[in-house]
Number of protein chains: 2
Amino acid sequence: MATMQDVARRAQVSVSTVSYVLTGARPISQATRDKVLAAMAELDYQPNALARGLASRRSRILGLLLPMDERGIGATETAFVTGATSAAVAAGYHLVLSPIGVGDLDELRRLASQRILDGALLMEVQLHDPRVDVLREAGVPTVLIGRTEDPSGLSYVDIDFDRTVRAAVDHLVGLGHRRIVYVNHSADTIAEGYGPALRTRDSFTAAMTEHGLTPLMIPAEDSAASGRAALASALRQEPDLTAVLAMNESAVFGLLGELSTRGLTVPDDVSVVSMVTSPQVAELATPALTAMTSPGSALGRIAVQTLLRHVESGDGEIHQELLPCVLEVRGSSGPPRTPAASTTDPEAADERSSPGTEAARRRAATRRRA
Amino acid sequence: MATMQDVARRAQVSVSTVSYVLTGARPISQATRDKVLAAMAELDYQPNALARGLASRRSRILGLLLPMDERGIGATETAFVTGATSAAVAAGYHLVLSPIGVGDLDELRRLASQRILDGALLMEVQLHDPRVDVLREAGVPTVLIGRTEDPSGLSYVDIDFDRTVRAAVDHLVGLGHRRIVYVNHSADTIAEGYGPALRTRDSFTAAMTEHGLTPLMIPAEDSAASGRAALASALRQEPDLTAVLAMNESAVFGLLGELSTRGLTVPDDVSVVSMVTSPQVAELATPALTAMTSPGSALGRIAVQTLLRHVESGDGEIHQELLPCVLEVRGSSGPPRTPAASTTDPEAADERSSPGTEAARRRAATRRRA
DNA sequence: TTGAAAGCGCTAACAT
DNA sequence: ATGTTAGCGCTTTCAA
């Protein structure tokens, strides 16, 4: 492995000159630069990142702290990761992911205090997230993906949940829906203080109230079974519901299964809108899900750019930015069958008595639409 | 940030003694060790990873090279990652993920030549994978997750696709199925030389032939739409099929949707078995999918242990290991309706002429089972 | 059982 | 515009 010494010798210059053509920290004459570059190419020289990091106190490595629960990483997070990675590479940094959650504080402390990372991106931020403190104590510049309860003094990028929820509710209300149920994350998650769950809850309540409608929220675990249960519970509390807004991607599938089991068609009997869902996942369902698509890649890029500003300027100014998800209408949302008056419609009444047959007939008619 | 100097001074010993306490590379008297440890604790000393790496030529960082396509990382891969991470941490290493695919050879070369990684785990290995060469040229010890076409001289851990496919086929044949279709990954993927697609194809052919059955394989893109098309194509080529074995997790959902659209119930009309699928994803479907569960976490652990053996012994001996997936029977598989003789059954013949209505009737009957 | 000191490969003053 | 050189914080001979 060639070192800088080798390059310097071969180009007949000093090591510092080689270093400076690499870093660009001071002007080098074109002739010298060419000699050095040629020598590098001939020797297939690659700088030693550890040596450079030790001398410059900059590892040029950014960490993306990404808790991995058993459910995996969704397409939404993936888009974020790829956006962040390409932004980092474009700036000459490496972006490494570390599957560190709120439970692995010791490993985080190790990683943060060993001066391996120039900065960190924190995903899945809780309202009270101990990782933020660990990173601050270790002096590692950080950008949050998400927000703590009081994010003053912290840079973050996050989804604009308020605008996202309102856009979803507006879409459904615009179609004529009045009885809309919101299937949120689990009660535990809410109790833990998971921001998206709390913020969407509040925004949903506000949006519905402003429309003169009654908000009903049902929490659901991150599983299909819980989605089924949530739908059952929703129908119990609101038998006339015509639309479901769901935050919980796993639950959505159970919810759809339960609707089908009950002979209820989507979107004719019940419209479904999925929040913060990638197109890929939305297309998995039958019919494909109308969804609020998250700006994952853009969030990743902005987060890295913000972080680099902090890293390179020795803590620059705070940057806080919210991006809304974008509504993408697919097959799972449509106008309600009987706008707010199901009993006046004889066919609808009939349908209620024998939903299976009726639903099957209707499905046959709409088959080719999906 | 305290340095080793500071610790040495405070403990009244030399820096080398402090270093030896840390590395254990030579015996230290208990008294001295205690002094040093106390000083470290008092100063909240953390070794500088870059300095240590430069001096020892060991970064103690392992890379997990994990291509991230737009579909995200499944629960299977996640289990692998967590298994690998905990094994690495237990050995005092960091495990960082880098979203590097076969397309990012330059970034890989950078990462590999900069001496940041002591070793690498390569996921989603292709039969002819250029990343292997890049890593070998850079002298980075590597363990494959998966196999190249000729893996001699390379350590790897992989799923035992042959045993997995045979177990799945045996399960279906044992239930009485004769017409079984295999929905594989896409034709492009196969052409590219993606190992799992090729190996399962061959094993499926062999297993079916050994049972005296005719193998039929249908390729499908990684999408629900393609899963629908694959089912349509399967029914065209094999109208009497009673079971589908699917490798492609995304396609499975489209396939299930298409079955439902056609009024075919699972598992009464068609049994479905999903390969290399996590319990979490299997539960998303309605009914829950009978699946071959991958040994993700164990694979991760074994891969890291193998890699560390290479790293620490300066290339130890080759280790190659295959682990099969385990069959987990859920609601999507059962005995076929008419064991291998559909034309002798009048009701079945009738069903063929008007599948929609007939199926709907049957569904009403089985509704409560799911 | 411990200490002294020479690097590891690079950056960044300080010179000229 | 370029060269000289003192570290960065640690590991690891070589000595004692």
Side-chain angles (χ1 to χ4, degrees), chain A residues 1-37 39-40 43-61 92 110 113-118 138-139 311-312 314, chain B residues 1-37 39-40 43-61 92 110 113-116 118 138-139 312 314:
Chain A
M1 200 100 286
T3 77
M4 213 165 197
Q5 277 286 0
D6 302 327
V7 175
R9 210 172 353 252
R10 193 171 229 284
Q12 323 239 52
V13 297
S14 71
V15 281
S16 65
T17 299
V18 177
S19 173
Y20 284 120
V21 325
L22 230 40
T23 62
R26 84 178 176 192
I28 301 283
S29 76
Q30 193 55 50
T32 311
R33 173 192 311 284
D34 289 345
K35 272 196 306 185
V36 170
L37 258 20
M40 283 182 178
L43 295 173
D44 193 24
Y45 170 75
Q46 288 284 25
N48 179 312
L50 298 181
R52 166 193 290 227
L54 178 59
S56 66
R57 278 141 252 247
R58 284 277 182 79
S59 68
R60 301 194 146 255
I61 296 177
R110 267 211 313 150
S113 327
Q114 290 187 151
R115 316 274 64 170
I116 291 177
L117 303 180
D118 281 351
V311 167
E312 300 188 335
Chain B
M1 198 101 286
T3 76
M4 214 165 195
Q5 278 285 2
D6 302 326
V7 175
R9 211 174 352 256
R10 193 171 229 284
Q12 322 239 54
V13 296
S14 71
V15 280
S16 63
T17 298
V18 177
S19 173
Y20 285 119
V21 167
L22 229 41
T23 62
R26 83 178 178 194
I28 301 283
S29 76
Q30 192 57 49
T32 311
R33 170 191 314 286
D34 289 345
K35 270 194 308 185
V36 171
L37 257 21
M40 283 181 179
L43 294 173
D44 193 25
Y45 170 75
Q46 287 283 26
N48 178 313
L50 297 181
R52 168 192 288 226
L54 179 59
S56 67
R57 280 137 248 256
R58 284 277 182 79
S59 67
R60 299 196 147 254
I61 296 177
R110 263 208 320 146
S113 324
Q114 290 187 153
R115 316 275 63 170
I116 291 176
D118 280 353
E312 299 187 335

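Throughout, protein chains are lettered first and strands after them, A, B, ... in sequence-line order, and every chain is numbered starting at 1.
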At 4.0 Å (heavy atoms only), tell me whether A:Val13 reaches a base, stays on the sugar-phosphate, or touches nothing.
sugar-phosphate
Looking only at non-hydrogen atoms, find the nearest pair between A:Ser113 and B:Met1 and report the distance.
O-SD, 3.9 Å
Need one value for B:Ser19: base, sugar-phosphate or nothing, where a base atom within 4.0 Å counts as base even if backbone is also close, heavy atoms only.
base
Nearest heavy-atom approach of A:Gln12 to A:Lys35 is O-NZ, 4.3 Å
Ignoring hydrogens and angles, does a donor from either the side chain of B:Ser16 or the base of C:dA4 sit under 3.5 Å from an acceptor on the other?
yes
Tell me the bend of the helix from C:dT1-D:dA16 to C:dT16-D:dA1 as the angle between end helix axes, each from five pairs, rounded to the nearest 10 degrees.
40°
Counting C-beta onward and ignoring hydrogens, is there a side-chain heavy-atom pair between A:Ile116 and B:Ile61 closer than 4.5 Å?
yes
Is there a side-chain contact between A:Thr3 and A:Asn48 in this structure, where contact means two heavy atoms from C-beta onward sitting under 4.5 Å apart?
no
Can you list, by residue number, the residues of residues 1-8 of chain B that have a non-hydrogen atom closer than 4.0 angstrom to DNA chain C?
none
By nearest nucleotide on DNA chain C, pick out whichever of A:Val15 and B:Ala55 is the more 5' one.
B:Ala55
Which pair of heavy atoms, one from A:Leu50 and one from B:Ser59, lies closest together, and at what distance?
CD1-CB, 4.1 Å
d(B:Arg115 CZ, B:Leu54 CG) to nearest 0.5 Å is 12.5 Å
Any B:Leu37 side-chain heavy atom under 4.5 Å of B:Val21 side chain
yes
Across all chains, not counting sequence neighbours, the salt bridge (Lys or Arg N to Asp or Glu O under 4.0 Å) partners of B:Asp6 are B:Arg9
B:Arg57 atom CZ is separated from C:dG9 atom C1', nearest whole Å, by 9 Å
Rounded to the Å, how far apart are A:Tyr20 OH and C:dG9 P?
20 Å
Please find the earliest and latest nucleotides of DNA chain D, in the 5' to 3' direction, that have an atom within less than 4.0 Å of any heavy atom of chain B.
D:dG9 to D:dC14
Between A:Ser19 and A:Ser16, do the side chains contain an N or O donor and an N or O acceptor separated by less than 3.5 Å?
no
Rounded distance in Å - CG (A:Leu50) to C1' (C:dG7):
15 Å
Does any residue of residues 22-36 of chain B have a heavy atom under 4.0 Å from DNA chain D, and if so, which ones, in number order?
B:Thr23, B:Arg26
With B:Gln114 via side-chain hydrogen bond (donor to acceptor under 3.5 Å, both in side chains) - residues at least two apart:
A:His94
Between A:Tyr20 and A:Thr32, is any pair of side-chain heavy atoms under 4.5 Å apart?
no
Looking at every heavy atom in both B:Leu22 and B:Met4, which two are closest together, and how far apart are they?
CD2-CE, 4.3 Å
Kindly give the heavy-atom pair with the smallest separation between A:Arg33 and A:Ile28, and that separation in Å.
NH2-O, 3.6 Å
